[in-house]
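Taking it in order: structure first as structure tokens, then the write-up.
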Amino acid sequence: MHNGKARAFTNIALIKYWGKKDQQLILPMNNSLSLTLDAFYTETSVSFSKDYSHDTFYLDDQLQNEKATQKISHFLDLARKQAGVFEHAIVRSQNFVPTAAGLASSASGLAALAGACNVALGLNLTTKNLSRLARRGSGSACRSVYGGFVEWEKGNSDQTSYASPVASHHWEDDLAMIFILINDKTKDVSSRNGMQRTVDTSLYYNDWLKAANIDIEKARTAIANQDFQALGEVTEANCLKMHATTLAANPPFTYWTPDSLKAMNKVQAMRQAGQNCYFTMDAGPNVKILCQKKDSETIYRELQKDFPSHQLIMAHAGKGIETLE
Ligand SMILES: O=C(O)C[C@@](O)(CF)CCOP(=O)(O)OP(=O)(O)O
């Protein structure tokens, strides 16, 4: 019996990963840059044993169905291959996200699973190679192995595509991110399917790619200069360009709901009124507001005028992956 357990925190991209060059290896079309947060994390334990006849996956103590288990099994096969182990496993993941959220992020989940396998199988991976393994589970997971600002170098092979910390002299500790959880019933297009449809059919995809390569340079410079306005501007503009690609896909789609737009308009109105805050969005209706810690309470209180408190979550910079007991 080999056991391992790890905790990994979710990250939010400021410059988005949106489109794969290689589906099987999960190699992205462009570099992305994220901020690992402290508010949402996943703890995953895994045990391998020759006594198990198949892989079993529990998420928040619920036995998962065949489809969900298959995605985990595919990842376990990669880890087993690296370790030369052929035993099946029981995986138990606990998402520490606000219940109302529906914010279960695949990034923290797959990063925690990679970390747990690293221990259970005695892989002794460097953090760089742990990032590469997590990438095979879910692209954005490769960034969650580090805390703070992280850049995922797209590379051009399994060996050269991994995340690294961005030098920031802990500037991330001066920032905050407020989540506005937009409750939405309709089933979103998953990020995996959304980016694939966009790459395959969107009229705007190539222009997105050109812009993303310029934006990431702006983001690097903003972090080096600790220039919050520059980082906020490129974050919001990059998100809008990413989402614009979905409108020109075939069939077209959007992640935005009326309340998403209400939140985006609120942020822009707050900025007009002198509040230094910017938004970003991913493959869902939730809106995340980047601001400076010193302004975060004022901004939170202003948001409470338009959104109920249970939909507002304050987050700050988080740590990288942690091995548990
Ligand atoms: O996080 C970002 O950079 C931007 C997104 O969140 C925008 F929606 C995409 C994350 O995609 P992910 O779930 O990692 O896809 P996978 O590799 O197909 O599993």
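Both ligands and their constituent atoms are indexed starting at 1 by order of listing.
E87 and H2 form a side-chain donor-acceptor contact under 3.5 Å, judged by distance and modelled atom types alone.
In this structure, the side chains of I90 and Y58 come closer than 4.5 Å at one or more pairs of heavy atoms. The closest side-chain heavy-atom distance from L303 to I289 is below 4.5 Å. Taking 4.5 Å as the limit, every side-chain heavy atom of E236 sits out of range of all side-chain heavy atoms of L290. You'll find the side chain of L14 reaches within 4.5 Å of the side chain of L231, heavy atoms only.
Look at D282 and K288 and you find a salt bridge, because one of the NZ, NE, NH1 or NH2 atoms lies within 4.0 Å of a carboxylate O, short of that distance. Between E233 and K218 no salt bridge is recorded (no basic side-chain N to carboxylate O distance below 4.0 Å).
Within a 6.0 Å sphere centred on CZ of F253, heavy atoms belonging to other residues, nucleotides or ligands number more than 12.
Taking a cut-off of under 4.0 Å to the non-hydrogen atoms of S106, the atoms of ligand 1 that pass are 13 (O). Every atom of ligand 1 is numbered from 1 in the order shown, and the set under 4.0 Å from a heavy atom of G139 is 14 (O), 16 (P), 17 (O), 19 (O). The atoms of ligand 1 that sit less than 4.0 Å from any heavy atom of A13 are 1 (O), 2 (C), 3 (O). Using a 4.0 Å cut-off to heavy atoms of I26, the atoms of ligand 1 that qualify are 17 (O). Counting atoms of ligand 1 from 1 in the listed order, those under 4.0 Å from a heavy atom of M195 are 9 (C), 11 (O), 15 (O). Close approach of ligand 1 to K20 is summarised as follows: ligand atoms under 4.0 Å from at least one heavy atom of the residue are 16 (P), 17 (O), 18 (O).
Closest heavy-atom approach to atom 3 (O) of ligand 1 within the set R143, K71, R192, H243: this belongs to R143.
The nearest protein atom to atom 6 (O) of ligand 1, hydrogens excluded, is given as D282 OD1, 3.4 Å; this is a heavy-atom distance. Considering only non-hydrogen protein atoms, atom 19 (O) of ligand 1 sits nearest to S138 OG, 2.7 Å. Protein heavy atom at the shortest distance from atom 14 (O) of ligand 1 is S140 OG, 2.7 Å. Closest to atom 8 (F) of ligand 1 among all protein heavy atoms lies A283 N, 3.1 Å. What sits closest to atom 9 (C) of ligand 1 on the protein, heavy atoms only, is Y17 O, 3.6 Å.
The proximity of L110 to ligand 1, defined as any non-hydrogen pair under 4.0 Å, does not occur for either the backbone or the side chain. Heavy atoms of S191 found under 4.0 angstrom from ligand 1 belong exclusively to the side chain.
Considering F9, F179, F96 in turn, F179 is the only one that fulfils the ring-ring contact (aromatic ring centres under 6.0 Å, His included) rule with F40.
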